[in-house]
Amino acid sequence: MCGIIGYIGERRACEVIVKGLKRLEYRGYDSVGVVTEENGKLYIKKGVGSVDEVVERLNLLDMPGNRGVGHTRWATHGVPNDINAHPQKDCTGKIALVHNGIIENFAELKKELVEKGHTFESDTDTEVIAHLIEEELKSSGNFEEALRKALLKLKGSFALGIVYTGEPDRLYFVRNESPLVLGIGDGEMFAASDVPAFLEYTNKVVFLDDMEYAVVTKDSWVVKRLETGEEVEKEVKTIDWTLEMAEKAGFPHFMLKEIFEQPRVLRDAIHGNAKVIRDVAREIANYSKIFIVAMGTSYHAALTGKYLLQRLAKKVPIVEDASEFRYEFEDLIDENSLVIAITQSGETADTLAAMKLAKRKGAKVLAIVNVVGSMATRIADLTLYTHAGPEIGVAATKTYTTQLAVLTMLAIELARTLGTAEEEHLKELEEGLRRVPDLVEGILNLSEPLRELAEELKDKQNFFYIGRGIDLPTALEGALKLKEISYIHAEGLSAGELKHGPLALIEDGVPVVAIAPNGRTFDKMLGNIEEAKARGAHVIALGSSERLEEVSDTFIRMPDLDEILTPIPYIVPLQLLAYHLAVLRGNDPDKPRNLAKSVTVE
Ligand code: F6R
């Protein structure tokens, strides 16, 4: 996730852009860049660091011109460095652009462009877009047409702000699966990833939809379809948010905003790994001694990964919390071992220590990480990114579901490489996974009913979360979310374990959250629910079967899908329930007590 902002009008563009970048910094903070234009010349300044650091070091407020675009980066392709910072430009230096999103087919496009003689400076996927427009411009001569033709060749997600010296009175903005909104001023126009970037100047906005682009001058704007170039009628909306509300896109907390971002970041995770996953699967396919290490929420993703690898790739990995791994497995790791480390931050001390140990012993190390360039990516031999963008809320939400998406893709691809599952089933799973972001979108509509449920449950002292098989880790993660932000005691356990002791704690009104999708263990789950009910539990069941609805006190209807794909959608209501309980109990879910976003001590 990155932040983009553009301005055209009478003011000094650099001032408006720098202010906007400051407000967008939560979207990315590894590098910053601005391009302005005056008298047919582009002025570009960019570099690694926070907005304040780069503004001061490169004097960003000293750039001429009344039009330009800016970018705050959260690296996806190419490590954070000065060259990879945006804007990126074409060979002629006449086209400069900033980008938020991921271009899936950039490697193929780059190869073709290099063969045609284009010279690339950076490792980014973004630079391909500038060269592609340049190439199309050679044959069409009309910039807008060249832009359309070029962008129709892209696969993936992109929000773009584009400056072209050949057309001195305008800017172009494009949106596909990454957010972009126009700000309509009086004799000036704005565009940004998010409203707060320009809210100081105007509250009149036009939201672009996927595959739309805008041509903006200081006095006019028009939105068109990318496929056809036809004009689209758009409504100008008036925003009545305060600046603080706007930074959270109207949500009261970052955590809720991040829960709601999941459909989009899941799409990014799928796009972002579509091509690389095959190579990674091939590189690790022959390892039979596999360890998965992680902490906290990432550990729950690791546990889900174990079920995925077992079921699809017929591998039996050992999953250990990284703090235990070092002391228990040192003698067992060798050059025939594969260690998969899962970490959002890439900086968790225990996970890094486990990775270093694995390297020392000659093991192959694959990291699944959110923060590009973090320590974990430097230790690992191979890295898969989750592409969730910065997570500001301390409790992990969107980074968890994107970890699950990457693990699902990896298990599918491993199964394909090894021939351990029917190709037809793997294809169905891939198609199903591509539909999961839409399903999650639907589940987000449960937020209000879940808030009402939280009202009912907010004074409870203990919660139990039960699940089986691939959804046991969902129960553990649901319980962790509740503990860490609502401070209610919660236990996640396998439903089968319930009658081996914990049932003693189930009495009248104790909430038992049962994760019960249709699948191998559904009938057994029904039995466990009955056991809990017989002791007076308030059973909150997540599933899609009518039988489940009949036995539960509160039924949370979920989409019916292959059991393998259930961990992603099923955690979403549990994130929402924990969030609403935390808020109703007067806690700030963004800053839970005694927990840091990145735990850098062992
Ligand atoms: C829970 C949470 C923590 C982290 C854990 C690992 O919501 O945020 O449990 O999951 O500290 O962090 P990473 O994934 O950065 O290694």
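Whatever order the structure lists ligands and atoms in, that order sets their numbers, starting from 1. Worth knowing before you read on, the calculation uses all heavy atoms, side chains too, and leaves out hydrogens, waters and symmetry mates.
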Answer yes or no for E347: is there a heavy-atom contact with ligand 1 below 4.0 Å?
-> no
Judged by heavy atoms only, the candidate from M295, E484, K483 nearest atom 7 (O) of ligand 1 is E484
Mark up the atoms of ligand 1 that fall under 4.0 Å of a heavy atom belonging to S298, in ascending order.
-> 10 (O), 13 (P), 14 (O)
With heavy atoms under 4.0 Å as the rule, classify the contact between T399 and ligand 1 as side chain, backbone, both or neither.
-> neither
Nearest-option assignment for atom 15 (O) of ligand 1, heavy atoms, candidates S345, A578, A396 = S345
If you count the atoms of ligand 1 from 1 in the order shown, which ones are under 4.0 Å from a heavy atom of G296?
-> 9 (O), 10 (O)
With heavy atoms of A395 as the reference, note each atom of ligand 1 found under 4.0 Å away.
-> 7 (O)
Considering only heavy atoms of K481, which atoms of ligand 1 have at least one such atom less than 4.0 Å away?
-> 1 (C), 7 (O)
Flag the pair D438 and R267 as a salt bridge only when some basic side-chain nitrogen lies within less than 4.0 angstrom of an acidic carboxylate oxygen.
-> yes
Cationic N near anionic O, under 4.0 Å, E430 to R416 = yes
Answer yes or no: is there an ion pair linking R585 with D459, defined by an N-O contact shorter than 4.0 Å?
-> no
Centroid-centroid under 6.0 Å between Y400 and H300 rings | no
Is K361 salt-bridged to E335, going by a charged N under 4.0 Å from an acidic O?
-> no
Does the distance from a Lys or Arg side-chain N to an Asp or Glu carboxylate O, for R311 and E563, drop under 4.0 Å?
-> yes
E448, CD atom: more than 12 neighbouring heavy atoms under 6.0 Å | yes
The atoms of ligand 1 lying under 4.0 Å from a heavy atom of V394, numbered in the order shown, are 8 (O)
